[in-house]
Amino acid sequence: IRLRRIANFYALYMDIELDGQMTVSESHLIVKDFEEKLIQNIPNLCDIVIHVEPIGNHEPDESYGINRSN
């Protein structure tokens, strides 16, 4: 999860894992419901980006933030 402040608003970016056998429509409904709950519970939330991955997906080359080793 990443939460960024933009003035007095917040932008939320997150990855979630769902059953890889679900249809895109099923995954979409779960994410839509989750987004509505986030909006209800986080004041000043102005943007939400949710990336769906299959449960157990591991990408060792994926990194976040600044990588000081390069």
Side-chain angles (χ1 to χ4, degrees):
I1 298 174
R2 292 184 195 181
L3 187 64
R4 296 202 170 139
R5 187 172 182 177
I6 305 165
N8 62 333
F9 296 98
Y10 295 97
L12 183 137
Y13 308 90
M14 71 183 324
D15 286 2
I16 63 170
E17 293 184 352
L18 296 174
D19 182 347
Q21 300 303 311
M22 297 176 92
T23 66
V24 172
S25 294
E26 291 168 328
S27 297
H28 174 76
L29 290 175
I30 290 171
V31 170
K32 184 177 176 184
D33 181 56
F34 186 59
E35 287 176 340
E36 289 174 8
K37 287 178 173 54
L38 289 169
I39 290 167
Q40 292 170 4
N41 290 287
I42 301 175
N44 297 337
L45 187 59
C46 68
D47 191 24
I48 303 170
V49 176
I50 298 179
H51 177 247
V52 178
E53 297 185 5
I55 293 173
N57 185 52
H58 179 67
E59 297 179 29
D61 295 335
E62 184 177 42
S63 65
Y64 296 98
I66 298 172
N67 184 347
R68 303 229 185 257
S69 64
N70 292 335

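- In this structure the side chain of Met22 reaches within 4.5 angstrom of the side chain of Ile30, judged on heavy atoms.
- Tyr13 and Phe34 fall into different hydrophobic clusters, where Ile, Leu, Val, Met, Phe, Trp and Tyr side chains are chained together by heavy-atom contacts under 4.5 Å.
- In this structure the side chain of Ile39 reaches within 4.5 angstrom of the side chain of Ile48, judged on heavy atoms.
- Hydrophobic clustering places Leu3 together with Leu38 (ILVMFWY residues linked when any side-chain heavy atoms are closer than 4.5 Å, directly or through intermediates).
- In the hydrophobic cluster analysis, where Ile, Leu, Val, Met, Phe, Trp and Tyr join through side-chain heavy atoms closer than 4.5 angstrom, Ile55 is grouped apart from Ile50.
- The shortest heavy-atom contact between Lys37 and Asn41 is O-ND2, 2.7 Å.
- Atoms CD and CD, on Gln40 and Glu35 in that order, are 12.0 Å from each other to the nearest 0.5 Å.
- Taking a 6.0 Å sphere around CD1 of Ile1, one finds it holds 12 or fewer heavy atoms contributed by other residues, nucleotides or ligands.
- The shortest non-hydrogen separation linking Pro54 to Gly20 is CB-CA, 4.0 Å.
- Taken together through direct or relayed side-chain contacts under 4.5 Å among Ile, Leu, Val, Met, Phe, Trp and Tyr, Val49 and Leu45 form parts of separate hydrophobic clusters.
- Across Cys46 and Phe9, no two heavy atoms sit closer than the pair SG-CB, 3.7 Å.
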